[in-house]
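Taking it in order: structure first as structure tokens, then the write-up.
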Amino acid sequence: MTELLKEMERALADLLQSGLATGGPAAVSRLEKLKVRCGDVGLHTGAALLGELAAALSARSHRVEKDDQPAAAAFFRTVRYIELCREKLQETEIWRRWQEIENQDE
Amino acid sequence: MQIPEKLAAALAAADEAYLVGLCNKGTVNRAKKDLASLTDPQVKTEGEAVEVRMGEVTCLIQAPLGESRCSCPSGGICRHRIAAILWLQQQEGTAAPAEEAAPEAPDFSELRAYPAEKLLRQLGRRRLAATLFRFQSGQGAAITETSVVTVEMPWLPATVRLLEPIEHSTCSCHSRTFCVHKAEALLLWQLQKGIVDPSALEEAAAPEEEMDIEKVRGVCQGVRQALTSQLATGLSRLPTAVCETVERMASLCHTAQLPDLERALRGLHGAYAAYFARSAACRDTELLSRLSLAFRLASALEEADGETLRTLAGTFREDYVPVGNLKLYLLGMREFSGRGGYEGAIYYFWEREAHRFYTFSDLRPTFYEGPPRRRSAAAPWGLPCPLRQAWNRGLDLTGAKANRTGGLSSTQQCTAALLAPQPPGAVFPEEEMITDFSRLLEERSAPHAPEISRLAVVRPARCRAQDYDTVGQVFSMELLDQEGRDLWLTVRYRKEEAKVVDILEQLARRLQNEEGLRPVFFGVVYREGDRLKLYPIECFLRWEEEQ
């Protein structure tokens with residue numbers, strides 16, 4: 001799950017680098033794939049958010065007059081979702097690491 | 001001569017304390033001397049008043065005595081009026097009795113009936129909170145009652161004499177109006193008498209001024225649209241002028257009374273500046289996070305109203321309330337240069353009795369003028385030396401003020417006594433020292449918790465220095481507890497952190513050469529990925545001995 005969150009964050013960071021105007025259409029398929037993986041591991045909200053972002057990006061590229069607000073809102077909500085998931089996972093991950101260290105020592 | 005009845009009653013009730021309350025002791029004493037040399041003044045009754053002519057000066061004495069007039073240019077109650085009052089008292093056979101033989105104290109019905117709401121309006125929320133704190137903590141004023149109520153408030157310092165009618169009360173600030181000192185004195189007296197209920201006062205405290213919702217919405221919409229446009233363009237195509245755009249938006253938020261959004265934008269400005277300066281410490285994930293925070297906050301503010309809007313807007317500066325006397329010990333300090341546009345030093349103290357941390361921040365904004373070329377070191381509370389020279393010394397503060405998160409105010413009303421140097425081990429209690437890192441994870445590492453609740457003094461069982469990460473420019477050291485749990489001491493290289501990295505590298509070399517060296521670290525705990533980390537503020541190699 002940590003790996004998946006990292007990949008989601010990477011995808012969003014890449015989109016921020018290239019911008020919605022340039023990188024948007026190319027990011028759609030990457031986001032769709034991540035959406036499926038999120039659904040597989042039980043991150044249903046994450047899957048819904050990625051789906052929303054992909055749909056907004058896809059709709060944007062088919063319009064003459066661009067409205068970036070829906071895509072931006074979905075983008076920043078997804079960033080926040082990843083942060084919250086990270087925080088929730090962190091304590092468990094630290095305990096897991098310490099447990100592994102303890103087991104190795106034994 | 002027949003003195004009008006009302007005036008006769010006022011003269012009979014006015015003892016020396018009352019006359020002193022009307023002006024001051026010096027004027028009364030001078031009037032007594034004048035009275036001794038006074039020979040047959042000309043007196044005539046003028047309606048409800050009596051006119052007393054003493055040489056060149058004519059006084060019109062009337063009830064209440066504070067409203068008497070004199071032909072001299074003095075604005076307050078002058079010695080002529082007091083001399084005339086004393087002379088009239090002699091004629092009536094009611095000469096002002098000495099203070100010790102004062103008549104029965106009046107019931108102060110006017111002072112009792114003075115509405116608390118008026119006092120609240122005059123004092124304001126902050127001053128009211130401070131007054132209530134003083135009253136509840138027993139550090140209130142010295143109040144004495146004779147024919148006047150004398151309230152001494154040493155923290156101001158001011159002495160107020162409350163008398164009836166209330167508008168003739170006097171204050172050592174010499175204000176003729178009903179100044180805040182008089183309001184505070186009256187409130188303290190009413191609290192002492194049980195006339196007002198402290199909890200009711202807190203509830204009735206006037207709400208903060210209303211925000212201009214239309215203006216707030218306009219600014220937030222502008223911020224949201226600007227950030228959306230930046231996201232649409234993409235980092236790789238953004239011009240460096242975006243930094244100024246973000247700073248302008250922060251200034252707009254400041255004028256629209258949106259301090260939290262202003263902070264978020266100043267943080268974003270710092271991240272953009274680091275990105276364009278190609279700083280090694282810059283991460284695009286940080287930019288993601290800062291952009292997201294500013295965008296979400298602007299969106300939430302745009303839709304909020306009433307109390308929610310005020311909560312989301314935040315506060316510019318936290319209120320400092322009196323916390324009484326503190327017994328502090330300066331444990332450490334660090335240079336600070338935040339992305340939010342503030343620079344300076346933060347000092348960390350341990351309170352020897354309450355067993356908690358306090359901080360003192362000596363920070364200055366850098367977003368307008370850039371960093372100052374030369375800064376003078378902070379020496380607050382009347383200290384004889386800069387605070388940084390008080391390292392490893394006790395500091396006894398009298399009349400300290402602190403905010404909710406333990407930040408100390410540099411108020412001049414607080415004074416500090418500097419004690420002799422002591423080793424930290426002699427001051428810091430052993431039970432507060434953390435040797436089991438699971439305690440750090442559970443108690444001191446909650447995400448988003450304020451820094452003060454994530455401070456810890458840590459003594460690891462072992463330390464393992466790591467190779468300097470030249471790619472990420474990170475110094476790290478693995479600290480291990482008895483159970484082998486690891487805590488990572490990490491410092492990312494920046495210009496401001498150069499000294500810290502130097503010291504830690506020296507420590508790493510000493511640890512390799514000297515077995516049995518058990519340093520103690522004081523720092524801020526945080527979580528990153530699957531690791532628990534510590535940002536070091538101070539490292540003690542001789543914890544129990546003199547440094």
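Labels below follow one simple rule: chain letters A, B, ... track the order of the sequence lines, proteins then strands, and each chain is numbered from 1. None of these values were measured; they are calculated from a predicted model.
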Which residues in residues 31-42 of chain A have any heavy atom lying under 4.5 Å from a heavy atom of chain B?
none
Checking side chain to side chain contact (heavy atoms under 4.5 Å, CB included) for the pair B/R531/A/I94: CA distance, chi angles, key distance, verdict?
CA-CA 6 Å; B/R531 287 181 178 183; A/I94 293 168; 5.6 Å; no
Heavy atoms only: give me the nearest B/G484-A/I101 pair and the separation to one decimal.
O-CG2, 3.5 Å
Sort by residue number and list every residue of residues 520-529 of chain B having at least one heavy atom under 4.5 Å from chain A.
B/R527, B/E528, B/G529
Identify whether the distance between the nearest side-chain nitrogen and carboxylate oxygen of B/D530 and A/R86 falls below 4.0 Å.
no
Test side chain to side chain donor-acceptor pair (under 3.5 Å) applied to B/S289 and A/E83, step by step:
CA-CA 8 Å; B/S289 168; A/E83 282 172 0; 3.0 Å; yes
Quick check: closest heavy atoms across A/W95 and B/S438, and the distance to 0.1 Å?
CH2-CB, 3.4 Å
Most contact-rich option vs chain B, by heavy-atom pairs under 4.5 angstrom, among A/E9, A/Q69, A/Q99, A/R60, is A/Q69
Approximate separation, where rounding is to 0.5 Å, of A/R97 CZ and B/L532 CG:
9.5 Å
Which atoms form the tightest heavy-atom contact between A/W98 and B/F437, and what is the distance?
CH2-O, 3.4 Å
Those residues of residues 233-240 of chain B, ordered by number, that approach chain A below 4.5 Å (heavy atom to heavy atom):
B/T233, B/G234, B/L235, B/S236, B/R237
Which pair of non-hydrogen atoms, one from A/D68 and one from B/A232, has the smallest distance, and what is that distance?
OD2-CB, 3.4 Å
Indicate the atoms forming the closest heavy-atom contact of B/D284 with A/A13, along with that distance.
OD2-CB, 3.9 Å
Write out, in numerical order, the residues from residues 50-57 of chain A with a heavy atom short of 4.5 Å from a heavy atom in chain B.
none
